[in-house]
Every structure is written in structure tokens, then in C-alpha cells.
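I have placed the structure first, in the form of C-alpha cells, so that the comments after it can refer back to it.
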Amino acid sequence: MAKRQEVFVTNHQNGWAVTKPHAERASAVVPTQAEAIERAREISDGGTIHIQGRDGKFRVETPFD
């Protein structure tokens with residue numbers, strides 16, 4: 001079983017970026033926030049996802065949501 005990952009979905013100049021903490025590059029950059037959240041769910045393996053809104057504030061999605 002893979003380790004649960006913490007993942008961030010953030011605004012990016014080319015859309016939305018999916019990154020892991022301390023990563024030098026984004027795991028993915030996609031055009032929509034929905035696509036970024038879907039990708040984040042795939043790579044988090046049930047871990048916590050921090051989602052940045054258009055206003056810059058973060059909300060947290062946990063596997064129990």
C-alpha cells in the first residue's frame with residue numbers, strides 16, 4: 001500500500017497546478033480547477049488535498065469528506 005500524500009492545487013499562470021510539498025516542479029498543470037482536483041485525488045492516494053480558490057484562500061479536502 002502506498003503512503004498517503006499531501007497535495008496542493010494552486011493557481012498557475014497556465015491554469016491550475018498540482019504539487020507536492022517541497023517539490024521543485026508541479027506534478028501537473030491543467031486548464032481547470034476541476035481537472036487539477038481530479039489529478040490531485042489520483043496522486044494523493046487518500047491523503048489530504050489543499051485547494052486554493054480564486055480568492056487565494058485554501059480549503060482542505062480530506063479522505064473523510
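Atom CD1 in Ile51 sits 11.5 Å away from atom OG1 in Thr10 (nearest 0.5 Å).
The two residues Ala36 and Val9 make their nearest non-hydrogen contact at CB-CG1, 3.7 Å. Considering all non-hydrogen atoms of both residues, Thr32 and Glu35 come closest at OG1-OE1, 2.9 Å. Closest approach of Glu6 and Pro21 over heavy atoms only: O-CD, 3.1 Å.
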* To do: May I have the step-by-step check of salt bridge (charged side-chain N to carboxylate O under 4.0 Å, His left out) for Glu38 and Arg41, ending in yes or no?
  => CA-CA 5 Å; Glu38 182 179 325; Arg41 287 178 181 151; over 6 Å; no
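For the side-chain contact (heavy atoms from CB on, under 4.5 Å) with His12, the lone residue among Val29, Thr19, Val18 that qualifies is Val29.
Side-chain atoms of Gln52 do not come within 3.5 Å of backbone N or O of Trp16 as any donor-acceptor pair.
Side chains of Val7 and Arg39 form no contact here, defined as non-hydrogen atoms less than 4.5 Å apart.
A perpendicular orientation is assigned to the rings of Phe58 and His50, their planes being inclined by more than 60° (bins at 30° and 60°).
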